[in-house]
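To start, the structure itself, in structure tokens.
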Amino acid sequence: MICAERRQAGTGGRWQCPAARSSSCAGGKGQRVGLAANFFRIEERSSMKQLLVALLDKAIRASVDTGELTLATPPPIEIELTKDPLHGDYASNVAMILAAQAKKNPRDIARIVSARIDDPRRILEKVEIAGPGFMNFFIREGCWASLLEQVERQGQRYGAADVGAGRRIQVEFVSANPTGPLHIGHARGAVVGDVMANILAAVGYRVFREYYINDAGNQMNNLGKSVFLRYRELLGEQVEFPEGCYRGEYIKDLAAELVDRDGKSHLQGDPEEVSRRFTEYAGDAILAGIKEDLRQFGVVFDLYFSERELYREDGVGRLLGELQEKGFIYREGDALWFRTTAFGDDKDRVVVRQNGDPTYFAADIAYHKNKFQRGFESVIDIWGADHHGYIPRMSAAVQALGYGKEALQVILVQLVNLLRGGKPAAMSTRSGEFVTLREVVDEVGKDAARYNFLMRRSDSHLDFDLDVAKQQSNENPVYYVQYAHARICSIVRMAADRGCSAPAYGQAELGLLRLPAEIDLIKTITRFPEVVEGAARSLEPHRLTFYLNDLAGLFHSYYNKNKVISDDAALTGARLFLVTSVRTVLKNALTMLGVSAPDKM
RNA sequence: GCGCCUGUAGCUCAGCUGGAUAGAGCAACGGACUUCUAAUCCGUGGGUCGAGAGUUCGAAUCCCUCCAGGCGCACCA
């Protein structure tokens, strides 16, 4: 990977719920009260899973009340979708969990509890006890479709939740030094961060995206020096490039701009001073380029935070004073050390060098303190995996400042193996042979690039093959999903040509949706909010792409075997309702990924 | 040497925080377009979940020990 900088990361679309469904696909909504509403209604926002948990919870309490069960503490109730239809639709292991504390055989417990289930709305066809004590729930056929009401009602909000309860959270990502353009390694971090932010916003956090500009250190000086050397070279001088200088083409470009603008005037000045000015010029220009590249990649930050801010009014110095008062700082030799071992780090860390300069770490502590002072309850940093060793000291710092250990979470992003036609494509910032983010986006497109970066867990290596990513073929998963969306739009258009449109929920005879493939689609649609929440909780944005792939696969399969539009008006209406629900979920999920959902392909 | 991550089908990877017979894509083979988009679908084959021990009703998942690979172990950022 690249990185002299410590961080990598993200992209940004925002999770906004655009309001109206696109008109070409929208179904009409009549005002009549539906004839077909022969389904019980489910409370807003409750999934089948939540309903079953509630039923089980009540049943267990009832069993305790009647003395059939003795429990000290109420158990955590877990319900999961079954893999095998023989096991019903959902299953719970709660009887087995309870066995030890209730001192009863799990199957007996399951029997007791299931006898106490009160199901006024008749969701359940039956409950079976199986294996060592599983309770298998079979859902009554007509109940499934009622879950789709929420998709209609919530529209672009479907999938969102409120576990964040408006708490403020900051996601810091990319944070590359402005010493060169972003390359493919940064791109992965950019997408992970951006999508993570979208997901957190979807589950109710107030999310703030931030890029930390490392513009105070030696790297920046080297940048200025490098440009200055190229500048002199362009003006005819023979120059040697010392170790540590940047050699990319973009350095020459910047030098050339300066020659064009100022001629040879800089040759006269004090070299130190000129170097400083060159640093500023180059840093600004490169940062502007970075921002533009990110914008085109769909990543927009709320704030670019400059490291230099931290030194203003001696911010870093005051921070060190604070830590000293708390007793975490000691002097050894001429350096100041921070006792990070007090919080589990392997060794203490230097915060002020012998020469009196604060370390990068010192500034980073100040930065994180600054974050919390701005009112973020928790902070997520996205770093390149090669910086994992930095976590214990940063965590120690946060704790020393008086914040909880959980207040800082770090997502590590592994390196990207860039390939072209199966063979490695080199990249190295120093040598200048790297593939930039911009080149990748230009070559494969924003959608394919973003989607591909989320096809692995972020902490596992990712092979990114440029040739594959730009192929419009079945090897390219992003098209698979987008194609499903486009197909549905096409169906809706076709239906409209024939004078029909998706009915409103109350008017659709959703009871006609009885095929196993239809039930599967509904179940999968219902799972979406859980997937989003799981991705938020575990900080694993890749779950969305896997989910999308599942949903698109079910749809394609269904599509190939069944006609949505037929002579049967009621059935056509029901199926249109179903597929437009699928479309809503595809669109919402793709939007969270910052990937477009085309109407035709 | 110490620490973190990874090891699942020929390849690339999932596996919902401990559940029932471990999944998908690609690759291989065989099928489906006068039909709402074939960028699609259907079918077949493919596994000592790196190894070993342990925890329990139950382990790819948790504990321990090994093996292999990656990355860290700065008064760099």
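Quick caveat, the model's predicted, so the values are computed rather than measured. Just so it is clear: chains get the letters A, B, ... in the order the sequence lines come, proteins before strands, and each one is counted from 1.
- Between Thr545(A) atom OG1 and Arg456(A) atom CZ the span is 9.0 Å, to the nearest 0.5 Å.
- Counting to the nearest Å, the P atom of C2(B) and the CD1 atom of Ile391(A) are 21 Å from each other.
- With a 6.0 Å radius and a threshold of 12 heavy atoms from other residues, nucleotides or ligands, Asp567(A) has its CG atom at or below the threshold.
- Distance check, rounded to the nearest 0.5 Å: CG of Asn452(A) to CG of Asp465(A) gives 9.5 Å.
- Rounded to whole Å, atom C1' of G69(B) lies 13 Å from atom CG of Asn417(A).
- Classification of Asp497(A) and Arg493(A) as a salt-bridged pair fails, no side-chain N sitting under 4.0 Å from a carboxylate O.
- Here Phe134(A) packs flat against the base of A20(B); its ring centre is closer than 5.5 angstrom to the base's six-membered ring, tilted by less than 30 degrees.
- An anti base is found at C49(B): its glycosidic angle is more than 90° from 0.
- Distance CZ (Arg487(A)) to P (C41(B)): 8 Å, rounded to an integer number of Å.
- Annotated as anti: U6(B), whose glycosidic dihedral deviates from 0 by more than 90°.
- A salt bridge links Glu172(A) with Lys371(A): at least one charged nitrogen is closer than 4.0 Å to a carboxylate oxygen.
- Counting to the nearest Å, the P atom of A20(B) and the CG atom of Asn136(A) are 12 Å from each other.
- When the P atom of A14(B) is taken as reference, atom OH of Tyr451(A) falls 14 Å away, rounded to whole Å.
- Look at the C1' atom in both U6(B) and A14(B): the space between them is 15 Å, to the nearest Å.
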Could you summarise the pairing of RNA chain B as dot-bracket text, marking Watson-Crick and G-U pairs under 3.5 Å with ( ) or [ ] inside the strand and | across strands? (((((((..((((.....[...)))).(((((.......))))).....(((.(..]....).))))))))))....
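- Using modelled atom types, one finds no donor on one side chain facing an acceptor on the other under 3.5 Å when comparing Asn136(A) with Tyr90(A).
- Per the stacking criterion (ring centres < 5.5 Å, plane angle < 30°), His387(A) does not stack onto the base of G72(B).
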